[in-house]
Peer 1: 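My structure is below; once you've seen it, I'll send some questions.
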Amino acid sequence: MKKREKLVMIGNGMAGVRTVEHLLKLAPHAYDITIIGDEPHPNYNRIMLSSVLAGSTDMKEIVINDWDWYKENGIKLVVGEKAVRIDTKQRQITTQLGKHFDYDRVIIATGSQPFMLPIAGSNKEGVIAFRNIKDCETMLEASKQYKKAVVIGGGLLGLEAARGLIHLGMETSVVHIHDYLMERQLDEPASRMLQRELEAQGMTFLLNKQSAFISGRKRVRALHFTDGSEVQADLIVMAVGIRPNVELAKASGIDVNRGIIVNDEMETNLPGIYAVGECAEHRGIAYGLVAPLYEQGMVLAKRLAGIDAPGYQGSVTSTKLKVSGVDVFSAGSFIEDASRKSLRIQDDLAGTYKKITIDSNGKLIGAVLFGDTSDGAELFSLIKRGEIVEGREKELLLGISLDQLNGGNPAARYEAMPDDEIVCGCNGVTKATIVDAIHSKGCNSVSSIKACTKASGSCGGCKPIVEGLLSVYAGDAAAEPVKEGICGCTTLSRDEIVAEIQRMKLLSIKETMNVLGWSEPEGCSKCRPALNYYIGMLYPEEYADEKESRITNERYHANIQKDGTFSVVPRVYGGVTTPSDLKKIAEVAEKFNVPMVKFTGGQRLDLLGVKKEDLPKMWEELDMPSGHAYGKTLRTVKTCVGSTFCRFGTQDSIAMGIRMEKAFERLNAPSKVKLAVSGCPRNCAEATIKDLGIVAIDGGWEIHVGGNGGVKVRATDLLCVVKTEDEVMEWSSAFLQLYREQAIWNERTAQWIERVGLDYVKQALQKQEDRLALMSRINKTLSLTTDPWKEIIQDKELRKNFEQLADIQTAAQ
């Protein structure tokens with residue numbers, strides 16, 4: 001057996017590790033691999049840092065290859081160390097801690113470093129870059145203490161950083177040396193449209209400004225410009241560009257220019273040493289976008305695996321801006337000159353812009369899209385293929401699909417794509433990987449391909465191509481696309497909407513509808529309450545509940561009856577009351593001439609036939625909390641007398657029921673929630689047809705879920721058996737929060753359990769750490785709630801909504 005060569009990779013970033021991933025597939029036993037990284041983290045997706053900053057993604061979610069991946073593939077990972085020298089004679093690498101690693105071959109994948117403006121004061125506290133996890137954490141911490149942020153740089157990275165800082169609650173200004181934003185990716189008309197959109201989101205722009213110095217004692221206070229003006233700042237983020245990390249290569253005798261000079265095989269001038277990624281310079285170009293770097297990695301992996309394949313020929317690049325509410329796409333060379341001609345359409349009313357650029361040979365070489373980027377993937381594919389489009393320019397500009405331009409044969413386009421063409425630039429997924437997932441792994445839908453390969457899992461710009469490949473290579477096996485929008489205003493499903501709200505941290509109904517392309521700008525009675533719940537559930541501390549988006553019952557905190565009157569149901573914990581409370585209810589009913597007082601099925605008293613204008617006065621005199629009999633919330637916790645009085649009772653069901661009701665009262669949910677606690681298996685409280693039912697047994701409690709006693713009766717499923725009341729609360733809290741986070745608006749627990757399956761729920765709650773995390777989130781939400789009756793009684797403006805009718809009637813008399 002051939003002895004394995006020693007391969008050492010310097011750098012643990014996206015491009016380098018992707019090279020290793022390809023190499024392991026092509027030649028899994030050819031090398032003993034060591035990776036040296038100077039960050040204390042495994043390989044992570046740097047592109048998603050802006051999503052982390054915006055709060056839509058957790059740090060853990062951006063990890064591409066976790067610690068176990070290195071172990072499983074026999075890779076020695078050295079983190080938190082920096083390689084400082086490559087001894088090409090001894091074939092040995094030295095780190096700053098004095099460690100030595102022998103090699104046969106070396107990949108330099110040291111990436112780049114942010115360029116920091118060499119101005120006075122740039123070393124002050126609060127002046128940072130936006131390049132890695134540490135920078136992200138610094139910005140998150142700063143937002144908790146400071147309010148004014150300045151981002152220097154109006155390019156892609158700077159705008160993403162600025163949007164994240166706005167989400168963190170900071171007043172954010174963007175300083176740019178040019179007279180319009182993203183000048184490398186956009187022409188001026190598209191840039192001006194972008195600026196207007198971002199200003200509407202809260203960004204302030206200082207254009208044509210050159211930074212002079214930074215003032216402040218220990219920490220930054222202000223940024224001063226060469227024209228004598230200044231802007232206040234507690235935090236300054238420099239996003240003015242990157243520089244390839246070439247110091248190691250230069251110190252080791254490797255040829256460098258702007259980057260480490262490589263040929264088409266990604267080889268440096270020294271034998272056995274290669275470079276890939278942002279640190280490499282190929283044919284005079286050092287790329288800063290991920291798709292070209294993944295293409296380089298694929299070429300290098302084949303070279304190291306001994307596979308004869310074409311070398312790297314350079315890349316055509318595209319850009320998609322990841323800022324909520326803004327759709328921007330650009331690709332190729334879009335600036336016209338004497339040898340190029342451009343066509344464009346600009347619609348300021350609709351907020352859309354489209355420009356394509358054709359060279360002298362009739363090839364499409366560039367495109368800029370704003371507002372509607374749906375044609376981006378197809379145009380980019382056409383640019384990369386170098387196809388002549390002469391005579392069809394207007395059709396392209398007007399958005400006629402490539403399938404139509406190709407004579408109505410969509411298969412030809414996807415079949416002609418090279419196997420190694422990268423489809424998903426964010427995750428480096430090739431056509432071959434997607435086709436293999438379809439053929440070998442049975443993926444027959446976009447979602448299954450996403451789960452298997454990560455294609456379309458980040459920005460989503462490649463989804464049309466993934467769908468096209470699926471239709472061609474899966475054929476009849478392709479699953480029928482299911483689009484069940486939550487209402488007629490959108491084709492998006494609940495899961496898609498919630499995912500986008502999280503990814504972009506959308507904090508208002510209006511913004512969500514705008515960003516996600518609602519067909520009805522104001523929404524409807526179905527989607528507005530749903531969005532109000534989803535945003536409030538995800539961000540209970542930051543979201544301001546929209547009262548006008550709630551149903552009538554929830555706006556007036558009482559159930560409306562068929563004659564226009566309302567019913568009032570005060571909270572009676574566990575169905576247990578006192579003589580004084582009963583007397584109070586009776587006196588209030590008499591005073592306000594309540595036509596009917598009725599015991600409910602949930603062991604409470606319902607005062608029916610109350611006039612709208614009398615509601616606040618009734619609540620005030622009752623001086624009892626709302627029973628929430630009107631909303632999508634916890635209605636009641638029904639109990640039997642249990643061991644307190646019943647000779648068959650095994651546990652104190654009354655105390656358990658009251659504890660649960662006091663814990664979960666005022667809890668908003670996708671639909672109404674009913675609980676019950678039975679003191680023994682005789683089940684007098686009917687716990688086995690409730691959303692959550694607790695049944696006492698000898699020495700413990702059974703927890704039942706997913707029951708319904710309505711039109712479609714459903715018996716509960718047994719979730720688990722626990723011993724203590726604290727465990728009942730832990731499991732109940734976790735179950736209710738899981739339901740809150742994952743159910744569709746208006747979906748009862750019975751329907752939800754039938755849809756996702758009991759096994760799924762059991763698995764999600766199996767680990768105590770997961771239960772405690774869910775419990776923490778539900779407790780946080782509950783800590784922010786208040787009693788709505790008391791809130792209205794004490795707030796004169798809220799009270800006016802009820803008493804206005806009485807004033808009108810008085811005036812009429």
Side-chain angles (χ1 to χ4, degrees), residues 47 49-55 114-117 119 121-122 124 126-131 135-136 138-140 142-143 146-216 220-242 288 319-328 330 370 504-505 511 515:
I47 296 172
L49 283 174
S50 57
S51 298
V52 172
L53 190 62
F115 177 69
M116 301 296 286
L117 292 175
I119 58 177
S122 60
K124 292 186 183 297
V127 181
I128 63 169
F130 181 38
R131 187 65 185 158
D135 296 330
C136 210
T138 300
M139 294 161 81
L140 288 164
S143 69
Y146 302 103
K147 288 301 176 187
K148 294 184 181 296
V150 170
V151 176
I152 304 177
L156 181 67
L157 189 63
L159 295 180
E160 289 178 0
R163 182 57 180 169
L165 289 166
I166 286 175
H167 274 303
L168 293 174
M170 300 192 78
E171 298 172 22
T172 305
S173 300
V174 177
V175 174
H176 198 45
I177 195 169
H178 296 278
D179 58 352
Y180 65 89
L181 304 170
M182 287 184 68
E183 71 283 350
R184 293 184 181 179
Q185 292 87 17
L186 301 177
D187 61 1
E188 187 169 355
S191 177
R192 297 299 180 198
M193 296 177 80
L194 170 64
Q195 182 178 340
R196 287 196 294 270
E197 286 284 347
L198 296 178
E199 285 173 338
Q201 293 186 19
M203 283 190 209
T204 301
F205 293 98
L206 302 171
L207 302 177
N208 282 317
K209 291 286 188 180
Q210 185 171 350
S211 302
F213 66 93
I214 297 168
S215 63
V220 56
R221 182 192 64 82
L223 174 64
H224 300 258
F225 304 111
T226 54
D227 62 5
S229 61
E230 66 179 71
V231 60
Q232 299 296 304
D234 303 309
L235 177 73
I236 293 179
V237 180
M238 291 195 186
V240 292
I242 56 174
T319 299
K320 184 177 176 68
L321 184 61
K322 302 184 295 298
V323 175
S324 66
V326 181
D327 291 315
V328 178
S330 73
F370 182 89
M504 296 185 281
K505 199 173 185 182
E511 181 185 26
V515 171

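Just so you know, these numbers use all the heavy atoms, side chains as well, and skip hydrogens, waters and symmetry mates.
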Peer 1: So do Met238 and Pro114 actually touch side chain to side chain, heavy atoms under 4.5 Å?
Peer 2: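 Not touching, per the 4.5 Å side-chain cut-off.
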Peer 1: Looking at every heavy atom in both Val231 and Ser173, which two are closest together, and how far apart are they?
Peer 2: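 That would be CG2-OG, 4.2 Å.
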Peer 1: Please list, chain by chain and in numerical order, all residues satisfying side-chain hydrogen bond (donor to acceptor under 3.5 Å, both in side chains) with Asp187, sequence neighbours excluded.
Peer 2: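 Partners of Asp187 under the side-chain hydrogen bond (donor to acceptor under 3.5 Å, both in side chains) test: Tyr353, Lys355.
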Peer 1: Any heavy-atom pair between the side chains of Leu159 and Leu194 that's under 4.5 Å?
Peer 2: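 A side-chain contact exists here, since the closest heavy-atom pair is under 4.5 Å.
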Peer 1: Which atom names give the shortest non-hydrogen contact between Ala149 and Met170, and what distance separates them?
Peer 2: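 Closest heavy-atom pair between Ala149 and Met170: CB-CE, 3.9 Å.
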Peer 1: Side chains of Gln201 and Glu197: is there a donor and an acceptor less than 3.5 Å apart?
Peer 2: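 Side chains of Gln201 and Glu197: no pair found under 3.5 Å.
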Peer 1: Grab the two heavy atoms, one from Lys124 and one from Ser215, that are nearest each other, plus how far apart they are.
Peer 2: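 Answer, listing the atom of Lys124 first, then Ser215: CE-C, 4.0 Å.
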Peer 1: For the residue pair Ala161 and Met139, what are the closest heavy atoms and their distance?
Peer 2: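 Looking at all heavy atoms of both residues, the closest pair is CB-CE, 4.2 Å.
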Peer 1: For a quick test of reading the model, state the closest non-hydrogen atom pair linking Gln232 to Ala222 and the distance between them.
Peer 2: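 Minimum heavy-atom separation between Gln232 and Ala222: NE2-CB, 4.0 Å.
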Peer 1: From Leu186 CG over to Glu188 CD, what is the distance, rounded to the nearest 0.5 angstrom?
Peer 2: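 It comes to 11.0 Å.
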Peer 1: Just do the side-chain contact (heavy atoms from CB on, under 4.5 Å) check on Phe205 and Leu198 with the steps written out, would you?
Peer 2: CA-CA 9 Å; Phe205 293 98; Leu198 296 178; 3.7 Å; yes
Peer 1: Residues two or more places apart in sequence or in another chain: which of them pass side-chain hydrogen bond (donor to acceptor under 3.5 Å, both in side chains) with Glu183?
Peer 2: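 Listed in chain order: His176, His178.
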Peer 1: What is the distance from atom CD1 of Ile119 to atom CG of Leu223, rounded to the nearest 0.5 Å?
Peer 2: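 That separation rounds to 6.0 Å.
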Peer 1: Count the heavy atoms belonging to other residues, nucleotides or ligands that lie under 6.0 Å from NZ of Lys148, then report whether that count exceeds 12.
Peer 2: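 Counting neighbours around NZ of Lys148, 12 or fewer heavy atoms of other residues, nucleotides or ligands fall under 6.0 Å, so no.
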Peer 1: For a 4.5 angstrom cut-off between non-hydrogen side-chain atoms, does Arg131 reach Ile242?
Peer 2: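 Side-chain contact under 4.5 Å: yes.
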Peer 1: For Ser229, what residues pass the side-chain hydrogen bond (donor to acceptor under 3.5 Å, both in side chains) criterion, not counting sequence neighbours?
Peer 2: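 Testing Ser229 for side-chain hydrogen bond (donor to acceptor under 3.5 Å, both in side chains), a comparison that skips the adjacent residues, returns Lys209, Asp227.
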Peer 1: Are any side-chain N or O atoms of Ser191 and backbone N or O atoms of Leu181, one a donor and one an acceptor, separated by less than 3.5 Å?
Peer 2: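 Pair found, side chain donor or acceptor close to backbone of Leu181.
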Peer 1: Nearest 0.5 Å please: distance from the OG1 atom of Thr226 over to the CD1 atom of Ile177.
Peer 2: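 Rounded to the nearest 0.5 Å, the OG1-CD1 separation comes to 8.0 Å.
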Peer 1: Can you tell me how far apart CZ (Arg163) and CG (Leu168) are? Round to the nearest 0.5 Å.
Peer 2: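 So the CZ of Arg163 and the CG of Leu168 are separated by 11.0 Å.
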Peer 1: Do the side chains of Gln195 and Tyr180 get nearer than 4.5 Å, heavy atoms only?
Peer 2: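 No - every pair of side-chain heavy atoms lies 4.5 Å or more apart.
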Peer 1: Are the side chains of Ile128 and Val237 in touch, meaning some heavy atoms are under 4.5 Å apart?
Peer 2: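 They are in side-chain contact.
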Peer 1: By the definition side-chain contact (heavy atoms from CB on, under 4.5 Å), identify the one residue from Val127, Ile152, Ile214 that meets it with Leu117.
Peer 2: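 Single side-chain contact (heavy atoms from CB on, under 4.5 Å) partner of Leu117 among Val127, Ile152, Ile214: Ile152.
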Peer 1: Looking at every heavy atom in both Ala239 and Val151, which two are closest together, and how far apart are they?
Peer 2: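 Nearest pair, atom of Ala239 first, then Val151: CB-CG1, 4.5 Å.
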Peer 1: As a test of understanding, state which of Leu235, Val150, Ile166 forms a side-chain contact (heavy atoms from CB on, under 4.5 Å) with Thr172.
Peer 2: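 So, applying the side-chain contact (heavy atoms from CB on, under 4.5 Å) to Thr172 and each of Leu235, Val150, Ile166, only Ile166 qualifies.
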Peer 1: State, yes or no, whether a side-chain contact exists between Phe225 and Val175 at a heavy-atom distance under 4.5 Å.
Peer 2: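 Answer yes - side chains close enough.
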